[in-house]
Amino acid sequence: MTTPIAQWKAEYETGNTLVDQQHQSIFSIINALHSATVAGQGADLLEQTIQSVRDYTTVHFDTEEQYMRNQGYAGYADHKRKHDALRAKFTAFETQSYPDIQQHTIMVSHFLTTWLIQHIQNDDQVMIAACRSSAQPVAEVVGPAVPQALAEIAQWRPEYETGYTLIDDQHRSLFHAINALHSAILAGRGGELLERTLKILESYTTIHFETEERFMAELHYPEAADHTAKHRALRQKVEAFIAEEAQTPSRRLALRVSRFLTEWLIHHIRDEDQRMIDFLRQTRRQQQTLTAKAERP
Ligand SMILES: [Fe+2]
Ligand SMILES: [Fe+2]
Ligand SMILES: [Fe+2]
């Protein structure tokens, strides 16, 4: 079991639902990246995951910056400078070449976790509190009090846990990405954020499906073909959403996407993924028993 590197705590909350959900999504993607590293996933997968952390952080910074502008926040320039410094850091991560991708990934996960926690506590909480108390007549673009029940379309439940940390972390990240999209819709930014969220979801589901498909291939899972076909169908559906969004972006489409993805994921996790993980564990147990027997004098 991998311990999450980025542990979410109540004290990190800013009180703004959209911002808090996006922060949690970033934490969740960092955890997925970290458990992928610990599980010894390949360089391609790690690089893609680092990219999705970067994409998601960028979406999040854009959200906060637009909010600060709309609120006429006095600390805007200073806050944005800090975001820009992290954006530059991401570019630096990319342009350098790393002989050891595992080592690099661990460094990125630690760096980001520390950066985020400090930034949330020193800057984001101050900014949200200041914007809320200011008497600006401008409506809060990032909704001030979206009820939690409404904001979270994809609620994570313990029963969705497969017990396999890498897979569970990836599923949780997908849930968070859907929630962030959904709360953006409620805040009236769904159409605008839909394209980018869809792209993130596309690359994130690809990474996740690749992880699962690799497991199935390694273990000669008898239902692999069927399971993979379901993944393929979802990928096509996401591509179709992206195409539709390019033609006619709308809040209604954003809502349809978040509902569809939530339902699909819950069904798929509880049914197909759980079966696959049960098989995986059973096979590993059998292999361990065999190895133990072979090693006995
Ligand atoms: Fe920020
Ligand atoms: Fe799956
Ligand atoms: Fe899955």
Side-chain angles (χ1 to χ4, degrees), residues 12-16 18-28 32 35-36 56-69 71 73 75-87 89 112 115-131 142 154 156 160-175 177-178 201 204-217 219 221 223-235 237-238 261-280:
Y12 302 153
E13 268 159 33
T14 63
N16 183 296
L18 177 59
V19 170
D20 288 340
Q21 282 188 355
Q22 290 187 343
H23 287 158
Q24 285 182 57
S25 303
I26 303 173
F27 269 53
S28 195
S35 52
Y56 205 74
T57 309
T58 312
V59 169
H60 168 62
F61 285 170
D62 288 354
T63 311
E64 280 189 2
E65 285 163 19
Q66 184 169 355
Y67 175 67
M68 291 188 275
R69 285 195 301 271
Q71 294 293 313
Y73 178 51
Y76 173 77
D78 189 45
H79 197 128
K80 186 176 182 300
R81 209 172 299 125
K82 292 183 180 157
H83 288 175
D84 286 342
L86 192 76
R87 285 188 183 102
K89 189 88 185 169
L112 269 178
W115 191 95
L116 266 175
I117 292 174
Q118 277 179 2
H119 182 74
I120 290 173
Q121 294 194 305
N122 297 336
D123 304 292
D124 290 346
Q125 286 179 341
V126 175
M127 178 270 285
I128 298 286
C131 288
V142 181
W156 183 261
Y160 303 152
E161 257 154 49
T162 62
Y164 207 89
T165 314
L166 174 62
I167 304 282
D168 288 340
D169 278 347
Q170 292 184 343
H171 286 160
R172 248 184 245 119
S173 307
L174 289 168
F175 268 57
I178 298 172
L201 276 166
Y204 211 70
T205 42
T206 305
I207 292 169
H208 171 60
F209 290 166
E210 275 171 11
T211 309
E212 290 189 354
E213 285 161 23
R214 200 170 310 178
F215 277 148
M216 294 191 277
L219 295 161
Y221 181 50
E223 292 178 51
D226 193 40
H227 195 135
T228 307
K230 298 218 161 102
H231 288 171
R232 203 179 311 120
L234 184 81
R235 253 186 239 135
K237 187 81 189 173
V238 174
L261 287 174
T262 307
E263 266 171 40
W264 189 94
L265 258 180
I266 292 175
H267 279 114
H268 185 74
I269 291 173
R270 293 174 75 169
D271 188 13
E272 279 96 12
D273 287 350
Q274 193 62 61
R275 259 207 320 278
M276 171 198 67
I277 297 292
D278 289 345
F279 178 84
L280 182 138

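One-based numbering, in listed order, for ligands and for the atoms of each. Residues take their numbers from the sequence shown, with the count starting at 1. Keep in mind that the numbers below use all heavy atoms, side chains included, and drop hydrogens, waters and symmetry copies. Since the structure is predicted, the reported quantities are computational estimates derived from the model, not experimental observations.
When atom types are taken as modelled, the side chain of D20 and the backbone of G15 share a donor-acceptor pair closer than 3.5 angstrom. Judged by distance alone, with hydrogens and angles left aside, the side-chain atoms of T162 form no donor-acceptor pair with the main-chain N or O of Q274 at under 3.5 Å.
Between R172 and D168, none of the side-chain N atoms (NZ, or NE/NH1/NH2) sits under 4.0 Å from a carboxylate O, so this pair counts as no salt bridge. For the pair E65 and R87, the salt-bridge criterion is met [side-chain N within less than 4.0 Å of a carboxylate O].
A centroid separation of 6.0 Å or more is found between the aromatic rings of H268 and H171. Aromatic rings from Y73 and Y67 are positioned such that their centres are separated by 6.0 Å or more.
Ring geometry, H60 versus H83: the interplanar angle falls from 30° to 60°, so the pair is classed tilted. Between W156 and Y160, the ring-plane angle classifies as perpendicular under the 30° and 60° cut-offs.
Here the closest non-hydrogen pair linking Y221 and H227 is CE2-ND1, 4.3 Å.
Here 5 is the count of protein N, O or S atoms positioned under 2.8 Å from the Fe ion (ligand 2), waters not counted.
At a cut-off of 2.8 Å, measuring from the Fe ion (ligand 1), the protein N, O or S atoms that fall short of it are E64 OE1, H79 NE2, H83 NE2, H119 NE2, D124 OD1, waters left aside.
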